[in-house]
Amino acid sequence: MTLRPTSPMIDLLDSPLGPVFALVTAGVALRVLSRPKQGPWPALLPFLALAVTLVIVLRLPVGGAASVQLAWWPLVISPLQVRWVVNGWNWLALFLLTISAAGALLITWRRAGWRTAAFHGLSLLLVATAAITVVSDNLLTLSVAWVATDVMLIARSRAGRLGGGVAPVGLAATGSLLVFLSINITSLSMSSASLATADLPAETLALLLLAAAVRMALYPFHLWLGPSPAAGEPGTQWLVAGVALVTGGWLLGQLYTLGASFWLTDPAWSPVLAVCTLGAALAAWASRDEDRLTLLASSLASWSWLTLTMAPANLGREALGWAMLAAVLGLMLYVIGRAILQS
């Protein structure tokens, strides 16, 4: 039997951090190499990076076989474990992030002019922070990745309107605050334990559920997406909404298996979430064309929560996964269809 030669680079690419490495490398290169009067390569390199990322994602073994565990020693306390892992749930989130980014880049292929390289570089860095979020396997890694993704979501939203525009940041930053509060009320040993086996306190679960609701823009928490943070740029709107939906949905699914199902299977949630879904849908129907995508994303987020609460307890996360897939594909069809009609 011939053994396949390995190297640190191959081991890295075959690990849960492989997609993150590919996206960060391409994103930094695009930001650094951005120059006026460039050829078409700045618009083509992001697609090459996403193609490589997709190949890495498809090669990753699920079931926890691909994992990374490192010891972090903050000097003042004993060493803590930081973990990243790819299982079926994390793999689905990685896949949805990749196809969302590919569609968003397709819509905004050359719209930024000479700023195309820097524009797409920031988008890839946003997807990279989201990717490292969905492979996190304990609260320590999750908290850092969650804050980084919030920062990149705000940066991408603010840069979405090519001529300017400022998105509100207060509600978006609230999610990071909630995650940090959850860390502070959880013991260090539990924060460094794997999310597959962690016995999180009820208060921690409640704070993280609220953080997931804010991130997903669950109606009426959709306000952080607007007003019109990326008006006139449906590709950027789609990327921000898609990353928010997938990362928030991933956390919701994780919490469901860690004990939140006890609350979310309460029949009282179904009518509340149905009203939220209807409210977001009516708001999307009555909104301006440039704001409709963000409100549609909020409606799909509410619908995903509703699907989770109405599913049998033993099938809740599977139902949420199908809802997230349908939501991402629905946003994709809406944006591409609108772009075709406006072309």
Side-chain angles (χ1 to χ4, degrees), residues 62-64 85-97 99-100 130 133-137 142 175 178 182 194-222 241-282 284 295-334:
V62 298
V85 70
V86 174
N87 51 35
W89 184 244
N90 298 0
W91 186 92
L92 174 63
L94 281 173
F95 178 75
L96 293 178
L97 285 172
I99 62 174
S100 295
T133 298
V134 300
V135 296
S136 299
D137 193 39
L142 171 62
L178 292 169
S182 68
S194 172
L195 287 178
T197 58
D199 184 16
L200 299 179
E203 297 82 1
T204 300
L205 289 174
L207 288 171
L208 291 176
L209 278 174
L210 188 55
V214 172
R215 171 63 65 80
M216 293 181 74
L218 178 71
Y219 194 84
F221 297 125
H222 69 287
V243 166
L245 181 67
V246 173
T247 53
W250 169 84
L251 179 58
L252 177 61
Q254 289 282 30
L255 298 175
Y256 190 84
T257 60
L258 292 176
S261 58
F262 177 77
W263 299 330
L264 294 175
T265 52
D266 190 325
W269 282 109
S270 296
V272 173
L273 291 169
V275 170
C276 292
T277 305
L278 180 60
L282 290 175
L295 288 166
L296 178 61
S298 177
S299 177
L300 291 172
S302 303
W303 172 72
S304 299
W305 278 70
L306 179 61
T307 302
L308 177 66
T309 59
M310 295 186 67
N314 62 327
L315 297 175
R317 193 159 81 166
E318 287 78 1
L320 176 61
W322 284 109
M324 289 169 55
L325 177 61
V328 169
L329 294 179
L331 288 176
M332 179 186 299
L333 292 175
Y334 174 79

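- Shortest non-hydrogen contact noted between Y219 and C276 is O-SG, 3.4 Å.
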Contacts under 3.5 angstrom, residues 195-211 side chains, donor-acceptor by atom type, not counting sequence neighbours:
unit_1 : atom_1 : unit_2 : atom_2 : d
T204   : OG1    : T186   : OG1    : 2.7

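- With sequence neighbours left out, the side chain to side chain contact (heavy atoms under 4.5 Å, CB included) criterion links A319 to T307, A311.
- Rounded to the nearest 0.5 angstrom, L92 CG and L97 CG are separated by 9.5 Å.
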Can you list, pair by pair, the side-chain donor-acceptor contacts under 3.5 Å of residues 257-268, counting residues two or more places apart and other chains?
unit_1 : atom_1 : unit_2 : atom_2 : d
T257   : OG1    : Q254   : O      : 2.9
S261   : OG     : Y256   : O      : 3.4
T265   : OG1    : S261   : O      : 2.6
D266   : OD1    : A268   : N      : 3.0

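- How far CG of L252 is from OG of S304: 8.5 Å, rounded to the nearest 0.5 Å.
- In terms of the ring pair (Phe, Tyr, Trp, His ring centres under 6.0 Å) criterion, residue partners of F95 (sequence neighbours excluded) are, by chain and number, W91.
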Starting from the C-alpha separation in whole Å, work towards a yes-or-no answer on side-chain contact (heavy atoms from CB on, under 4.5 Å) for W89 and L320.
CA-CA 10 Å; W89 184 244; L320 176 61; 3.9 Å; yes
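- Put simply, the side chain of T309 never gets that close to the backbone of S270: no donor and acceptor are under 3.5 Å apart.
- The heavy-atom pair separating N90 from S136 by the smallest distance is ND2-O, 4.5 Å.
- Remark: L325 pairs with L96, W322, L329 by the side chain to side chain contact (heavy atoms under 4.5 Å, CB included) rule, at least two apart or across chains.
- The two residues A93 and V246 have their closest heavy-atom pair at O-CG1, 3.6 Å.
- Between D137 and S194, the shortest heavy-atom distance links the atoms OD2-OG, 2.9 Å.
- T247 OG1 to M216 CE: the interatomic distance, rounded to the nearest 0.5 Å, is 8.5 Å.
- Here the side chains of L142 and L251 are in contact, with some heavy-atom distance below 4.5 Å.
- For T277, the side chain to side chain contact (heavy atoms under 4.5 Å, CB included) partners are S299, S302, W303, L306, not counting sequence neighbours.
- In this structure, CG in L300 is found 12.0 Å from CE in M324, a value given to the nearest 0.5 Å.
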